[in-house]
Amino acid sequence: MSDVVIVDYGAGNTRSVRATLHRLGITTVVTNNPLSIYDAHQVILPGVGSARSAMAVLRESGAADALRRRFKNEKFTLGICLGMQLALEHTDEDDGVATLGLIEGHVRRVEGCMVPRLGWSLVEPWNEAFYFAHSFEAISPHTTATAEGVAAVCEYGSFTGVQFHPEKSGLVGERWLAACLSAA
Amino acid sequence: MPFRRLIPCLDVAHGRVVKGVKFVGLRDVGDPVDLATAYSRGGADELIFLDIAATVNELSTMIDVVARVADVVNIPFTVGGGIRSVDDATRIIDAGADRVSINSAAIETPELISRIAERYGSQAVVVAMDVADGVVFTHGGSRATERSFEAWAVEAGERGAGELLVTSINFDGERSGYDLATLRALRGLVQIPLIASGGAGSAAHVAEVLEVTEAALVASIVHDDPANFPAIRRTILETGVTLRPYEETDI
């Protein structure tokens with residue numbers, strides 16, 4: 001299997017994603033080079049940082065266009081946490097930022113619970129606990145799994161986004177990541 | 001609400017995990033990576049590493065520990081001690097930590113809280129406060145400040161802290177229970193998660209504090225025998241605290 005490309009946008013903790021994939025026997029390349037991102041069989045858009053600076057880096061590097069072309073050509077991309085939120089059309093974070101617009105939906109501040117929303121939470125319908133750490137949440141018609149009413153998974157076409165951190169969700173997370181990448 | 005969290009705290013000095021009573025009388029309790037692996041496999045929800053001997057030169061020792069932990073541990077972990085700038089936070093997060101904890105540096109430069117939060121999000125910033133006699137102490141609990149713990153907690157939250165780690169100095173290592181009065185006062189004042197620290201002597205103490213706070217640090221009661229961690233966790237669950245479902249058969 002070819003390397004999984006992890007998109008580097010300057011503020012992400014890519015080491016944990018890399019380490020988890022290596023434990024699963026998957027090799028990775030961390031880059032913001034648009035050609036590498038477009039060409040890859042599988043791409044992961046990880047998530048730590050703020051939406052505005054992430055979008056600025058993705059636009060300037062050409063990675064944003066590469067991610068859009070991947071989506072158009074049905075090549076698989078997995079977005080984690082902020083990486084999922086960036087795939088929607090707009091976020092309220094940082095006074096409002098236009099995001100990649102791969103899939104329909106927007107991002108707003110988490111309502112109805114303590115913010116930041118930190119900790120393990122049951123994802124339904126899977127009935128398994130994953131780790132969440134976020135202050136903003138996705139509102140999308142493509143939500144396919146939830147955790148306490150918050151969008152946990154948004155997927156459409158060749159994009160899958162998860163609000164939780166599979167790379168930080170113990171063996172449950174590792175199993176999910178392995179299954180996700182082998183299916184894609 | 002997500003499940004309550006049980007967080008083993010690993011105090012690190014010169015690359016080794018140590019434990020003392022009231023911040024003094026340190027004894028060596030093991031290698032950070034070995035202990036982190038044991039707790040992670042035993043069902044810990046997160047880990048916290050606090051470098052209690054941190055100096056400017058020592059940050060690189062801790063970065064090496066962080067990187068080694070990140071390569072083997074698949075649960076979230078926070079790192080504190082010696083982080084005095086956004087660049088320090090960047091080095092720790094790039095090495096694989098999920099969050100940084102800042103203490104004395106936040107008191108000296110409160111803007112540091114918002115600067116790290118702007119770069120990495122509030123969820124990446126834990127403000128640790130050592131409390132005794134109603135005020136906040138700095139420098140590992142050795143220097144009293146004039147700040148009331150209530151006022152500082154509110155200010156830290158307003159500046160973008162994602163979580164408060166509250167250690168009651170007079171309770172730390174005593175194993176007589178957490179400082180419930182201080183924690184209750186804070187729970188009524190701030191809207192961000194609280195991590196209780198200092199004083200756990202039994203699973204019952206942990207269960208008791210998790211009625212008040214979202215998370216509890218444990219150190220003394222687990223470091224004596226890390227292999228016993230799953231049993232302590234089970235005892236806490238049996239009291240009715242909602243920890244995440246975790247099967248030891250996963251190991």
Side-chain angles (χ1 to χ4, degrees), chain A residues 8 10-24 30 47-54 81-82 85 93-94 109-110 112-123 127-136 147-148 150 164-175 177, chain B residues 1-7 40-41 43-47 66-78 89-90 92-99 117-126 157 160-163 187 190-195 214-215 242-247 249-251:
Chain A
D8 178 12
N13 172 359
T14 59
R15 189 179 186 114
S16 303
V17 177
R18 258 182 309 157
T20 301
L21 292 178
H22 291 178
R23 281 194 295 273
L24 295 170
V30 179
V48 175
S50 77
R52 182 173 300 277
S53 59
C81 196
L82 179 64
Q85 297 180 359
E93 192 182 343
D94 298 330
R109 196 167 168 82
V110 171
C113 81
M114 198 173 278
V115 177
R117 183 168 176 272
L118 282 175
W120 299 74
S121 177
L122 281 184
V123 173
N127 197 37
E128 285 195 290
F130 289 80
Y131 184 80
F132 291 78
H134 60 120
S135 299
F136 289 81
E148 302 170 290
V150 169
F164 54 81
H165 286 275
E167 79 282 12
K168 289 288 172 177
S169 296
L171 287 174
V172 168
E174 284 190 9
R175 280 198 293 261
L177 207 44
Chain B
M1 287 294 296
F3 295 105
R4 300 286 169 162
R5 289 171 284 145
L6 187 58
I7 309 176
S40 169
R41 290 186 176 162
D45 298 306
E46 290 178 23
L47 300 168
V66 172
R68 289 195 293 129
V69 169
D71 284 342
V72 297
V73 165
N74 56 14
I75 59 171
F77 65 97
T78 298
T90 295
I92 294 284
I93 288 172
D94 281 353
D98 297 274
R99 299 205 266 281
E118 278 159 23
R119 177 100 189 250
Y120 294 103
S122 279
Q123 87 294 332
V125 189
V126 179
E163 208 165 23
R187 185 62 292 154
V190 298
Q191 279 76 49
I192 54 177
L194 294 177
I195 310 170
E214 286 63 40
T242 55
L243 300 174
R244 71 176 159 121
Y246 174 80
E247 291 174 24
T249 52
D250 281 355
I251 296 166

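Neither the backbone nor the side chain of L82(A) comes within less than 4.5 Å of any heavy atom of chain B. Contacts between A215(B) and chain A at a heavy-atom distance below 4.5 Å are absent for every atom of the residue. Proximity to chain B is limited to the backbone of E167(A), based on heavy atoms less than 4.5 angstrom apart. Of the atoms belonging to R99(B), it is side-chain heavy atoms, and not backbone ones, that fall under 4.5 Å from chain A.
In this structure, CD on E118(B) lies 8.5 Å from OG on S50(A), to the nearest 0.5 angstrom. Atoms CD1 and OG, on I93(B) and S16(A) in that order, are 10.5 Å from each other to the nearest 0.5 Å. Rounding to the nearest 0.5 Å places CD of E148(A) at 8.0 Å from CE of M1(B).
Using a 4.5 Å heavy-atom threshold, the side chains of P116(A) and E163(B) count as separate. Residues E46(B) and Y131(A) meet the side-chain proximity criterion, which asks for heavy atoms closer than 4.5 Å. Using a 4.5 Å heavy-atom threshold, the side chains of L122(A) and F3(B) count as touching. Between D45(B) and W120(A) there is a side-chain heavy-atom pair separated by less than 4.5 Å.
Most heavy-atom pairs under 4.5 Å with chain B, from the set V150(A), V17(A), L118(A): that is L118(A). For the set G96(B), A117(B), G162(B), the entry with the most heavy-atom pairs within less than 4.5 Å of chain A is G96(B). Looking only at heavy-atom pairs under 4.5 Å with chain B, the residue among A51(A), A133(A), C113(A) that has the most is A133(A).
The two residues R5(B) and G119(A) come nearest to each other via the heavy atoms CD-CA, 3.9 Å. Here the closest heavy-atom approach between residue M114(A) and residue Q191(B) is recorded as CG-O, 2.9 Å. Of all the heavy atoms in A70(B) and A19(A), the pair that sits closest is O-CB, 3.5 Å. Nearest heavy-atom pair across V115(A) and I192(B) is O-CG2, 3.5 Å. Taking both residues in full, the closest heavy atoms of D98(B) and K168(A) are given as OD2-NZ, 2.9 Å, listed atom of the first, atom of the second, then distance.
Of the residues listed (V172(A), L171(A), L177(A)), the one engaging N74(B) in a side chain to side chain contact (heavy atoms under 4.5 Å, CB included) is L171(A), and it is the only one.
Comment: R15(A) engages D71(B) in a salt bridge, judged by a side-chain N to carboxylate O separation of less than 4.0 angstrom.
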